[in-house]
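Everything on this sheet refers to the single structure shown next.
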Amino acid sequence: ATTAPMLEIRDLNAWYGESHVLHGVNLDVAEGEVVTLLGRNGAGKTTTLKSIIGIIGKRTGSIRFQGEETVSMSSRAIARLGIGYVPEERGIFSSLSVEENLMLPPQVRPGGMTVEQIFELFPNIKERLTSQGTKLSGGEQQMLAIARILRTGAKFLLLDEPTEGLAPVIIEQIGRTIARLKREGFTIILVEQNFRFAQTVADRHYLVEQGRVVDMIPNAELDQNIDKLHAHLGV
Ligand code: ATP
């Protein structure tokens with residue numbers, strides 16, 4: 001590739017208080033790619049996403065987004081560049097309706113999806129518009145959490161374990177959604193424990209271990225690296 005990556009992370013270190021959890025993460029994501037972070041519990045995948053969106057107290061190194069250094073920027077300023085974060089816990093407000101949850105995040109960039117486009121992508125959301133957030137199934141909550149970010153105009157998405165705890169049929173639906181977003185030009189970093197799912201949606205995989213990226217595997221080479229994966233992910 002001759003063009004600069006959309007996101008370029010170099011020697012990223014991050015801390016929770018005194019606890020140093022990222023120790024020099026390096027990774028690149030090109031525009032339009034779907035890239036996963038694979039690794040065991042506690043490897044530092046979530047912390048990497050939180051560092052990119054700027055919700056880790058202390059981080060050092062370089063995180064360049066579209067050429068702009070963001071490592072010292074506030075999370076609001078980073079969001080305004082068009083980066084959207086869907087946390088593992090999804091963040092659906094139980095006291096609000098589906099519609100209120102959907103409308104909650106402010107638009108950060110022009111070109112966010114309209115409500116009609118969101119209904120087309122997630123028909124369930126339209127049906128459940130007046131339900132309370134927590135009356136939704138886990139899968140519906142995950143879809144709502146993604147839909148909400150698409151409204152904001154973010155074009156670079158950070159998805160933390162969107163398939164966690166969901167039934168296979170819902171996981172397939174999320175896989176189709178990610179594939180569709182990729183076709184529409186979104187760029188995605190996906191944290192996953194389920195590498196079989198990761199294989200169905202991603203272009204490349206970064207293996208994260210003890211706060212570092214220890215390997216990168218192109219998706220086409222994932223099958224021949226199963227032993228390596230098992231060693232890194234545990235069984
Ligand atoms: P998981 O799937 O469990 O979220 P992960 O790879 O995303 O795994 P992180 O959540 O990034 O891992 O955690 C990396 C390290 O940071 C772990 O050792 C974890 O215990 C620690 N850690 C995570 N959150 C905090 C926090 N709020 N305060 C202190 N330490 C934390």
Side-chain angles (χ1 to χ4, degrees), residues 7-29 33-63 65 70-71 73-76 78-79 83-92 138-139 141-142 145-146 149 156-168 170-171 174-175 178 187-202 204-217 219 222 225-226 228-235:
L7 181 80
E8 198 171 17
I9 300 182
R10 291 293 176 271
D11 195 27
L12 172 64
N13 283 257
W15 288 259
Y16 292 103
E18 296 291 297
S19 176
H20 186 179
V21 303
L22 297 186
H23 301 270
V25 166
N26 297 303
L27 64 85
D28 292 332
V29 184
E33 269 195 309
V34 177
V35 161
T36 71
L37 306 182
L38 301 175
R40 292 172 205 254
N41 286 335
K45 306 178 299 293
T46 297
T47 307
T48 301
L49 297 190
K50 287 182 175 176
S51 298
I52 296 167
I53 196 66
I55 54 174
I56 290 288
K58 184 178 172 196
R59 54 199 194 279
T60 66
S62 176
I63 304 176
F65 181 71
T70 67
V71 77
M73 288 171 63
S74 70
S75 56
R76 286 185 61 168
I78 294 169
I83 303 180
Y85 172 53
V86 181
E88 190 172 2
E89 59 279 9
R90 296 164 189 150
I92 302 303
Q141 287 192 23
Q142 183 62 51
I146 295 173
I149 290 302
F156 191 104
L157 310 180
L158 308 171
L159 307 182
D160 199 347
E161 293 202 48
T163 65
E164 198 193 12
L166 302 182
I170 309 296
I171 292 177
I174 289 175
I178 291 172
T187 308
I188 299 174
I189 301 183
L190 179 67
V191 166
E192 263 301 333
Q193 300 269 4
N194 177 347
F195 72 84
R196 285 301 177 195
F197 172 75
Q199 188 175 29
T200 65
V201 294
R204 296 187 297 125
H205 309 274
Y206 283 106
L207 300 190
V208 182
E209 193 169 278
Q210 296 184 351
R212 292 181 182 82
V213 167
V214 295
D215 211 344
M216 189 282 287
I217 305 177
N219 197 46
L222 200 68
N225 282 285
I226 290 297
K228 193 191 273 176
L229 273 177
H230 280 302
H232 284 298
L233 304 181
V235 179

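Order of appearance sets the numbers: ligands from 1, and atoms from 1 within every ligand. Model, not experiment: these values are computed from the prediction. For this chain, numbers begin at 1 and follow the sequence in order.
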- Item | Separation between OG of S75 and CD1 of I83, rounded to the nearest 0.5 Å | 11.0 Å

- Look at R90 together with E88 and state whether they make a salt bridge at an N to O cut-off of under 4.0 Å. no

- Item | Atom CD of Q210: over 12 foreign heavy atoms under 6.0 Å | no

- Message: I need the nearest protein heavy-atom contact for atom 16 (O) of ligand 1: residue, atom name and distance, please.
- Response: V21 CG1, 3.2 Å

- Task: Have a look at ligand 1 and work out which part of S19, if any, has a heavy atom under 4.0 Å from it: side chain, backbone, both or neither.
- Result: neither

- Note on the structure: for atom 30 (N) of ligand 1, nearest protein heavy atom and its distance come out as Y16 CD1, 3.5 Å

- Query: Considering only heavy atoms from C-beta outward, does the side chain of L229 approach that of L222 to under 4.5 Å?
  - Reply: yes

- Atoms in ligand 1 flagged as close to Q193, the criterion being non-hydrogen separation under 4.0 Å: 2 (O)

- Below 4.0 angstrom, N of the basic side chain to O of the carboxylate: do D28 and R10 qualify? yes

- Item | Ligand-side contact atoms (ligand 1) for residue partner T47, heavy atom cut-off under 4.0 Å | 9 (P), 11 (O), 13 (O), 14 (C)

- Task: For A43, counting its heavy atoms only, list the atoms of ligand 1 lying under 4.0 Å from any of them.
- Result: 5 (P), 6 (O), 12 (O)

- Query: Does the side-chain contact (heavy atoms from CB on, under 4.5 Å) test come out yes or no for I149 and L159, once each step is laid out?
  - Reply: CA-CA 10 Å; I149 290 302; L159 307 182; over 6 Å; no

- Item | Proximal candidate to atom 17 (C) of ligand 1 [heavy atom criterion; set S51, G17, G211, G42] | G42

- Give a yes/no on ligand 1: does K50 have at least one heavy atom closer than 4.0 angstrom to it? no

- Is the closest protein non-hydrogen atom to atom 20 (O) of ligand 1 under 4.0 Å? no

- atom 4 (O) of ligand 1: the protein heavy-atom neighbour that sits closest, reported with distance to 0.1 Å: T46 OG1, 3.2 Å

- Nearest heavy-atom contact between K45 and V208 is CG-CB, 4.1 Å

- Item | Parallel, tilted or perpendicular: rings of W15 and H20 (30°, 60°) | parallel

- Query: Can a non-hydrogen atom of G44 be found less than 4.0 Å from any atom of ligand 1?
  - Reply: yes

- Query: For ligand 1, which atoms sit closer than 4.0 Å to a heavy atom of E161?
  - Reply: 2 (O)

